[in-house]
J.: 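Got a structure here, written out as structure tokens. Questions coming.
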Amino acid sequence: MARVVVDVMPKPEILDPQGKAVLGALPRLGFSGVTDVRQGKRFELEIAGEITAEVLAEVEKMAETLLSNPVIENFAVHVEDDVTPGAPA
């Protein structure tokens with residue numbers, strides 16, 4: 001079994017109020033040196049069988065139609081190492 005990860009982030013030109021809230025909270029909590037924060041989403045899809053170009057194309061289609069909003073978000077798809085059910089990733 002393999003895991004395909006879809007990371008979704010707001011496009012750079014889109015305001016990110018959640019990221020700004022985190023950026024404002026970090027210094028109040030004693031953390032310094034962070035100049036910007038963008039908050040996104042991560043989807044982990046466990047896929048049965050071999051990861052082929054066709055499977056990755058299908059995951060990209062999932063990301064375009066359901067997992068992201070292409071008008072305001074970018075996404076990246078990548079494959080993680082083989083996953084054994086119940087084992088830590």
Side-chain angles (χ1 to χ4, degrees):
M1 186 170 300
R3 178 176 292 150
V4 178
V5 175
V6 180
D7 291 312
V8 180
M9 293 296 294
K11 289 184 176 182
E13 62 272 15
I14 299 298
L15 295 177
D16 182 4
Q18 292 173 313
K20 294 295 180 208
V22 171
L23 181 63
L26 288 172
R28 292 192 301 270
L29 295 171
F31 299 102
S32 62
V34 178
T35 60
D36 194 24
V37 175
R38 303 286 288 171
Q39 182 172 323
K41 302 176 277 191
R42 175 183 166 108
F43 297 91
E44 296 180 355
L45 308 172
E46 291 190 14
I47 307 293
E50 185 179 346
I51 301 298
T52 63
E54 291 80 16
V55 169
L56 289 176
E58 188 76 9
V59 171
E60 291 219 5
K61 190 168 192 160
M62 291 176 203
E64 287 177 26
T65 58
L66 177 64
L67 305 179
S68 73
N69 178 346
V71 174
I72 61 170
E73 295 173 318
N74 293 322
F75 66 87
V77 175
H78 68 274
V79 179
E80 287 193 347
D81 294 333
D82 283 350
V83 177
T84 303

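A quick note: this is a predicted structure, and the numbers were derived from the prediction, not measured.
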J.: Would M9 end up clustered with V5 when hydrophobic side chains under 4.5 Å apart are linked, directly or stepwise?
T.: no

J.: Cluster question for you: counting only ILVMFWY and a side-chain heavy-atom cut-off of under 4.5 Å, with indirect links fine, are L66 and I47 together?
T.: yes

J.: Using the side-chain contact (heavy atoms from CB on, under 4.5 Å) rule, take V59 and I51 through it: C-alpha gap first, then chi angles, then the decisive distance, then the call.
T.: CA-CA 10 Å; V59 171; I51 301 298; over 6 Å; no

J.: Just wondering, do V22 and Q39 contact through their side chains at under 4.5 Å, heavy atoms?
T.: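 In contact.
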
J.: Under 4.5 Å between side-chain heavy atoms, hopping through other hydrophobics if needed: is there a path connecting V79 to M1?
T.: no

J.: Consider only side-chain heavy atoms of I, L, V, M, F, W and Y, link residues closer than 4.5 Å, and tell whether F43 and V77 are in one cluster.
T.: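 Yes, F43 and V77 fall within the same hydrophobic cluster.
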
J.: How about E44 and R42: do any of their side-chain heavy atoms sit closer than 4.5 Å?
T.: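 Yes, at least one pair of side-chain atoms sits under 4.5 Å.
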
J.: Could you tell me whether K20 and D36 have a side-chain N and a carboxylate O separated by less than 4.0 Å?
T.: yes

J.: If you group Ile, Leu, Val, Met, Phe, Trp and Tyr by side-chain heavy-atom gaps below 4.5 Å, do V55 and F75 land in one group?
T.: yes

J.: So, T52 versus E50: side-chain donor-acceptor pair below 3.5 Å or not?
T.: no

J.: Can you give me the closest heavy-atom contact between I72 and I14, atom names plus distance?
T.: O-CG1, 3.6 Å

J.: Kindly give the heavy-atom pair with the smallest separation between A63 and S68, and that separation in Å.
T.: O-OG, 2.7 Å

J.: If every non-hydrogen atom of V34 is compared with every non-hydrogen atom of L23, which pair is closest and at what distance?
T.: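 Closest approach of V34 to L23: O-CD1, 3.6 Å.
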
J.: Tell me, with the steps shown, if H78 and D7 meet side-chain contact (heavy atoms from CB on, under 4.5 Å).
T.: CA-CA 8 Å; H78 68 274; D7 291 312; 3.3 Å; yes

J.: In this structure, are over 12 heavy atoms from other groups packed under 6.0 Å from K61 atom NZ?
T.: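 Not more than 12 within 6.0 Å, no.
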
J.: Taking CD in E64 as the centre, count heavy atoms belonging to other residues, nucleotides or ligands within less than 6.0 Å. Is the count above 12?
T.: yes

